[in-house]
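Each ligand, and each atom within it, is numbered from 1 in the order the structure gives.
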Amino acid sequence: MVTGVMGTLQATQALKQILGIGQSGIGQLLMWDALRMKFTTMTLSADPACPICGGEHAHD
Ligand SMILES: [Zn+2]
């Protein structure tokens, strides 16, 4: 059930990205504490040493 909620959130974000609407969530980490029913968002910056998000090919 928890994985279903996360999958639905990810699918929603993917649809928004495709449609170009809403806020992207890029650079954000969303955490869900299901037992306490709390959502928390942290901002993460790109790691310059990371081949995916760092360096000159970083896209946000
Ligand atoms: Zn990275």
Counting only protein N/O/S, how many atoms fall short of 2.8 Å from the Zn ion (ligand 1)? 2

What is the minimum heavy-atom distance between Ala46 and Pro48, and which atoms define it?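 In terms of heavy atoms, the two residues are closest at O-CD, 3.5 Å.
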
Minimal heavy-atom distance between Gln13 and Gln23, with the atoms involved, is NE2-O, 3.6 Å

Mind checking what makes side-chain contact (heavy atoms from CB on, under 4.5 Å) contact with Gln17, not counting sequence neighbours?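 Only Ser24, Ile26 meet the side-chain contact (heavy atoms from CB on, under 4.5 Å) criterion with Gln17.
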
Side-chain heavy atoms of Gln28 within contact of Thr43, under 4.5 Å: yes

Please determine whether residues Leu29 and Trp32 belong to a single hydrophobic cluster, defined as Ile, Leu, Val, Met, Phe, Trp and Tyr linked transitively by side-chain heavy-atom distances below 4.5 Å. no

Nearest 0.5 angstrom please: Thr40 OG1 to Met42 CE, how far? 9.5 Å

